[in-house]
Amino acid sequence: MERLIEKYDYVNCTDDTKLAFEAELKNLNKDELAEKLVLSDLKNIINVFIKKICVPEYAEKVSRNSAGRCMAICTCQCICRITEKSIENGRIPQSDGHDCLLDLYLAIIRAGPGTAHYEVMEKIEKTTEMKEFLRNLKGEKLKEMALAVKDQKYIKEDMDMESYTRLLNSYMPRIPNAFAKGREDARDPAVWTVFLDLYLFYLLHTGDVPDELHGAVNSCASTFSNLYDRNPYKGYPDLKVIGQHMQKISTFITSVFPRGSQLKQAKKYVGNFTTMESDQIEALWPDLMTLLKSISLPPKVKEIYPMVESFKSLFEKLGDKVIEKNHKIFECWIETVSTVLEKIEDASLLDKVISRMIYDLNKKYKPARGDEMYWFPLVKAMWLVPTKEMQYNVKNILNDTKFKRMWNWKENIHQAKEMIANVEKVELPTEGDDWDQRDVNSECGKAVKELIKMLKIQKLEHYIMPDIGRMSMTHMEKGTVLSNSMVTQYSREMDFQKCTEIIPEIAKRLEPLVKNVDYPWADGWCSGNCIELFKCLIEPYKSSGDIPNEVNQVVIRILEFCMEDDREMIHIEDGRQTIWGVLIQISIMFIAKHCNGGTGQVCIPILKGLMKFRHADEEFLRSACKNNMQIVGNLCPEVCANFFGSLLDWYIEEPSMDLMQIFHRIIEINPDALKNRMDEFLDACKEDRGTYIMQIQVFYGLSNKHPEMITEKVVELLMDNHYGDGNIRIQVLMAMEKATKVNPKVFEKYMDTLMADDTKPQEQHFVNGILVNVAKTIERFRDPVFKYLMGVLKVAKDDTQLTSTLIGLQDLCGIYGPEMFGPHKEYLVQRRDTEEITTIKGQFSALVDQIEGRSLETVAQDVKETQEDVEQIDQRVTGTEVAVVGLTTRVDKHDENIQELGEGLDTVTKRVDLTEKDIEETKIKVEEVNMKTMTNAPRWSRDLTKIMNPQTEHDWRLLAQRFGYSNDDIRAWASQHDPCMAVLSEWYATHKTREANYAVLTALQEMNRMDGAAIVENAMKAVADVVENEEVDYPSPPPVFLSYQWGHQDEVKLICNHLQMAGYECWMDIGQMGGGDKLFEKIDNGIRGAKVIICCVSEKYAQSPNCNREVNLSVSLGKPMIPLLNGENGFFQRAGEETDDNRIWPVAKFQEMLMQLNCYGILPDETLIDDMYKDWWIPVQEMIVIDKTKRKQNQSQSKQKEVQEQEKKCPEVFISYQWGKQKEIMALYQRLTEFGLSCWMDIYQMGGGDSLYQKIDSGVRGCKVVLTCITQKYSLSANCRREVSLADAVKKPIIPLLLEKMDWPPSGPMSMVFTQLLFINFYRDEKVQMNWTGTKFDELTQKIGVHIPVNISKEENKDKKSEEDSQNSNQLIDNNKSENIDDEKKLAKQNTIPRPVSFENSRYEGGSQPTENKPSPVIQPKPFTNTNAESSPTKQKIEQQQKRIQNPEKTQSPENKNKPQEQKSKSCTVL
């Protein structure tokens, strides 16, 4: 045997050599040899054989199909057979024989092995009990096997790499499988150590072999990992070995830098380390952190990030008490993460890892005093990472209750300042509409807010407020919306009351921002931040004297800029106030501060600017002017007096109570302003009945200081308009009494009126004073006044009335003498004698003495004696006056209260923050109580109702309509205090909360109420992290999703079974749903994972909300859909199509559906195909015979009648538009209806509970012509595309109206429809889009007239006639001919060109929603008439075209009538 092996060359042999070798080997008596063989002989044979095949030349040159391979296999078979015979006959012990074969086996492994070696090794393994021998290797033999495996080499053989890779993928795993697979002693420490070493070797060995062989190497490694539940390190006792492996893997990752499958395999190894037992992880924690640091800092860390991600669940593996017992774990981790965040190039890669680790750490970690020194570096480093996750973690750390005691801010306030410095440095996103970019800024701002709130509790916020102010200005100076969104989160928390030294710096930096008209002030975040900072320039100061002059000047310059003539005060887009308008409104804070402090003169420049707005169109500007002037008038009337003239002009133009309240304080200071405007002022007062009480105050004040200005017109105003009111009559008399002392003639006209009226006792003093003042000057009133006084004297019973009357008689007696008393003397003497009241008796005595002519000394003595009584009477009169003029007193008290309010404004300012906080907390509590007791709606519904209740075009009524409620329901809710809340309460009471939330959000988005949609979205995001999302391990969804209504479940189950027999797995709810499964989540995953949706359509299917949801989700995801029509003419058998089994559809239809599945790229699973559906794609030959003598009727007479009735009901013109042009299209609608055309426009067709798509479908099908109002948004709207596609499919004439400048045809799916059509250009003059007149509109009516008779009014015909007379009539006729010919060509083309249909985004995403349900003004069309007597060629052409359309059969030639009509069949499956 030895000589035979040595004789032949296994490397360079030929086929002849192989035949000769096989012949000699065959002649060898193997049984005889086995009988004589001893152990040394066997070893010699094997050694000789090793020298022949275990050489590099053999591995490189001998291929699988070579003669040398066959010779080697035959030789190995012979050796194995001899060995088996020798063991059987006892010549060689079994262990020795196996050892010899093992030596051969190991030698072959060390030699390569090459592809030709593996079959030789297979022969050895098949030797009797050799497999068991290899699987039981232990000790030194197992180590020898491991060393041999490690000596494997990559042999470059002469074959293509693909074939070589395929062979080695099969051969290489055989070696480890031979001695490791299925071993029961794998967890023996000695065996485990060897296997663990080999497991690591296969990872490190991947760098020595080509990339194509990595899969084979990984399969070898899997042999060992499978022995230990895929993690060989889990439970391994020698931790030192695991630490060494970590170091080797770390070196491998950072030096070799794995790629492709290497990277995937390296991730498994790192994952094994992070999923070990808890005690292993605890013991090896420093090594794990070293590994984390080493793989996180390479330059290409982004490519090996999957390995870093393996560490995110590390804390979860630890026991609950491990961190408490071993604090070093926390210290080591936080030092590692802080270092990595500081040094890593792109820290955003660690978002999820650090977030998860912090989340798991918080569950098992209790902060201790001193831990803050570890957290501060980490938080500061995290704040420099501009990602959503990192900023969110900073906020959570600062907001976590168990952390708040740890920070010790009093000793670490410098750490807070350094945190704010990092916020100022961080490069947050400044552009983009992605929510993650917005959330980065939002979360960063929320984190700052949490820091401020913590410091406020400890009264330390003033230490960082200057830094926050500077940081806020830095981000606002970036000039982007996203930068401002960060500042918005904490802007209300800023308070510079204890650090006013920073305010001048902020004022200087804020001024250029306000003056920058290109700043995005239209955004609420930007304007809100500016407003809060502007308030911070004023509120922190206790009094106006504390405000530095530089701050005053900045505020004044800002407000003067805001009040410039070219400044816009209203956003044109939505009518909101601009930032400049808001700053003007809150200028009252600055003015009130200075007026209270007595420095109102500083505000004069602002007041001058404000006075310009007294004629402004915006009500808020006029109110700002009034309110500021009212403050100044009450607190600093001397300043307001400078503007008295302008205020008078304003009142004369627009009388108001606010202005009149100012006048009574400043009229005494600057009466000259009234002199030249008195007549106009009086006229305004006559018209202004709302301020007549305040008018008395003004004129009373004028009579006090300047009674000479009370003219006859003033008296006329007071007597005609005010005297008749008994409540204020005494005030009128008081003013007149003072005025008649200076100019009694002004009251001459009203003497008779005054004497004729009944006078109250408290009024008598002033009445007598007026009468006596006039009678003293005008003699003709002497007797009437005397008579009046005597009459009062005789009937008066009140002491005050008697006293004032006697004094008046004394005055008359002194002027006109005692003669006038005549016969009345006896009466006076009698009254004197009988009067019991001493005071009154004295008054009568004095009057009688004066009549009888006693000396003046006596009279003086009497007067002196009664002087005290008179003074008492005066006091009583005065007291009565005070009591009577209650209104005056109340007004004075009101003025005093205003003054007191002004004096206490500083005190109120100090407490305003606390008050606002208390109010907000109270509101929240009240709303919580209301929400708990009054409604089923969520907590955020209160915010939504505040913006939806005010009556607008898209308010709560439209929301209720979108929910499907009727008009009666809406009327019932309108009577409630909060109608929107009533709607939401009803909605949430009858729906699941999750479904109701999404319905509300969708409705608000479709209504273009983005303010309300933002409230709902924010509320849903706020609770997104309340619980973790369930990780549902679904199997991969089938490629076909069956959507159906359960009324057809049996039929659909049959379809499903046959589709599976054809090789297509199907998703059907009854086969997918399990106990406790979430229905909508299952359906959602099924649709998203499917490649095509089969819709089993029926009437019930179309009415089912769940089926509609499935269709809408499929459309929005762009899934291919195959509809199966369940009906009389649908996917079911008809006569002649029956089958022998239970199938209910024709075979051809089912094959057609299978072909469609194949067209969508869905290949059948051959393992599922039943014999019935093998070779189903081979068509069946059939004979088709067309009977030309019969014409198939498309519809029955009843169906045709129904369609005709429906067309009669439908409007003639369908207006297709995008809601961004709603106002213009409403004007077009009104214009066309004036011509007698009935038009379809969605806002006039929709009612409560109507289906939008059903209405649109019937409108398109029933109209006679479609007007497409094309804009950029129109071309992108999915619903608009559906309308155009439907109109094209049902062959409706389409007239395009181009309303915006854009390329023609518009890009996208609509281009195929519009390519052959000519548009009417309306975009050159936008005014035409509001009035719809001119030549282009005439062109539109002509095109409509081709299809529908148009009634043109007489006035328009006259205008047209005058235009026609002024132009060349012949040229006009020719033009009209050419236009009509072109119209006919367009009509012919648009009715013959096939066009595709596309389903994408919703039409109403960018547009507004209708708010009213108006009845469609359907007007019966009138025949086309023209006032011109002559019939133009254009008119004749139109009439001919109308006849052809209305009576197509009459226009056909006899030949055409006899031809049978042919119908085209569609290539879609009918459901």
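What's counted below: heavy atoms across the whole structure, side chains too, no hydrogens, waters or symmetry copies.
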Any donor-acceptor N or O pair under 3.5 Å, side chains [X], [Y]:
| X | Y | answer |
| --- | --- | --- |
| K380 | Q415 | yes |
| Q1005 | E1017 | yes |
| N408 | E411 | yes |
| T488 | S485 | no |
| N949 | D955 | no |
| E568 | T578 | no |

For [X] and [Y], work out which heavy atoms get closest and say how close.
| X | Y | answer |
| --- | --- | --- |
| S338 | P377 | OG-C, 4.1 Å |
| N997 | P938 | OD1-CG, 4.1 Å |
| V423 | M486 | CG1-CE, 4.2 Å |
| P520 | V481 | CB-CG2, 4.0 Å |
| V440 | P429 | CG1-CD, 3.6 Å |
| M465 | D495 | CG-O, 3.2 Å |

[X] side chain to [Y] main-chain N or O, any donor-acceptor pair under 3.5 Å?
| X | Y | result |
| --- | --- | --- |
| R614 | L621 | no |
| T480 | S483 | yes |
| K410 | L460 | no |
| R576 | H571 | no |
| Q391 | V385 | yes |
| N627 | S623 | yes |
| S527 | D523 | yes |
| N634 | Q630 | yes |

Interatomic distance, [X] atom [atom1] to [Y] atom [atom2] [nearest 0.5 angstrom]:
| X | Y | atom1 | atom2 | answer |
| --- | --- | --- | --- | --- |
| I397 | L361 | CD1 | CG | 9.0 Å |
| R492 | K535 | CZ | NZ | 6.5 Å |
| M569 | M563 | CE | CE | 8.5 Å |
| I506 | C536 | CD1 | SG | 7.0 Å |
| C636 | L607 | SG | CG | 9.5 Å |
| E418 | I464 | CD | CD1 | 13.0 Å |

May I ask you to decide whether [X] forms a salt bridge with [Y], counting only side-chain N to carboxylate O separations under 4.0 Å?
| X | Y | result |
| --- | --- | --- |
| D565 | K612 | yes |
| D439 | K446 | no |
| E511 | R557 | yes |

Of all residues at least two apart in sequence or in a different chain, which pass the salt bridge (Lys or Arg N to Asp or Glu O under 4.0 Å) check with [X]?
| X | value |
| --- | --- |
| E477 | R509 |
| D566 | none |
| D546 | none |

Inset, instruction - Kindly state each residue pair satisfying ring pair (Phe, Tyr, Trp, His ring centres under 6.0 Å) with at least one member in residues 407-429, sequence neighbours excluded. - result: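 For residues 407-429: F376-W407, F376-W409, W407-W409.
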Legend entry - Qualifying ring pair (Phe, Tyr, Trp, His ring centres under 6.0 Å) pairs, either residue in residues 449-505, two or more places apart: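 Listed once each, the pairs would be none.
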Residues two or more places apart in sequence or in another chain: which of them pass side chain to side chain donor-acceptor pair (under 3.5 Å) with [X]?
| X | value |
| --- | --- |
| W375 | Y365 |
| R567 | E564 |
| N412 | none |
| K453 | none |

Inset, instruction - Please name the residue in the list Y519, W525, W521 that meets the side-chain hydrogen bond (donor to acceptor under 3.5 Å, both in side chains) test with N484. - result: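 Considering Y519, W525, W521, a side-chain hydrogen bond (donor to acceptor under 3.5 Å, both in side chains) with N484 is found only for Y519.
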Inset, instruction - Using the salt bridge (charged side-chain N to carboxylate O under 4.0 Å, His left out) rule, take E550 and K508 through it: C-alpha gap first, then chi angles, then the decisive distance, then the call. - result: CA-CA 9 Å; E550 54 184 334; K508 290 179 182 178; 3.7 Å; yes
Min side-chain heavy-atom separation [X]-[Y] under 4.5 Å:
| X | Y | result |
| --- | --- | --- |
| D978 | R942 | yes |
| L583 | I586 | yes |
| V379 | N422 | no |

Inset, instruction - Check the pair M471, V487 against side chain to side chain contact (heavy atoms under 4.5 Å, CB included), reporting the backbone distance first and the verdict last. - result: CA-CA 9 Å; M471 179 267 293; V487 181; 5.7 Å; no
Inset, instruction - Would you mind telling me which of K449, M454, E450 makes a side chain to side chain contact (heavy atoms under 4.5 Å, CB included) with N399? - result: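 With N399 as partner, side chain to side chain contact (heavy atoms under 4.5 Å, CB included) holds for just one option, E450.
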Inset, instruction - Test F613 against R622 for side chain to side chain contact (heavy atoms under 4.5 Å, CB included), laying out the working first. - result: CA-CA 6 Å; F613 297 118; R622 296 196 299 273; 5.8 Å; no
Legend entry - Pairs where residues 462-471 contributes a residue and the test salt bridge (charged side-chain N to carboxylate O under 4.0 Å, His left out) is met, not counting sequence neighbours: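 Every salt bridge (charged side-chain N to carboxylate O under 4.0 Å, His left out) pair that includes a residue of residues 462-471, provided the two are not neighbours, is K417-D467, R470-E505.
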Legend entry - Sequence neighbours excluded, every pair satisfying salt bridge (charged side-chain N to carboxylate O under 4.0 Å, His left out) that has a member inside residues 390-404: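 Qualifying pairs: K395-E443.
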Inset, instruction - I would like to know whether V582 and F620 meet side chain to side chain contact (heavy atoms under 4.5 Å, CB included); could you show each step before the answer? - result: CA-CA 9 Å; V582 176; F620 76 91; over 6 Å; no
Legend entry - Q951, CD atom: more than 12 neighbouring heavy atoms under 6.0 Å: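 Check fails, neighbour count at 12 or below.
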Inset, instruction - Just jot down the ring pair (Phe, Tyr, Trp, His ring centres under 6.0 Å) partners of F590, sequence neighbours excluded, or say none. - result: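 Ring pair (Phe, Tyr, Trp, His ring centres under 6.0 Å) check on F590 returns H594.
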Inset, instruction - Assess whether side chain to side chain contact (heavy atoms under 4.5 Å, CB included) is satisfied between S544 and N596, documenting all intermediate values. - result: CA-CA 8 Å; S544 60; N596 279 322; over 6 Å; no
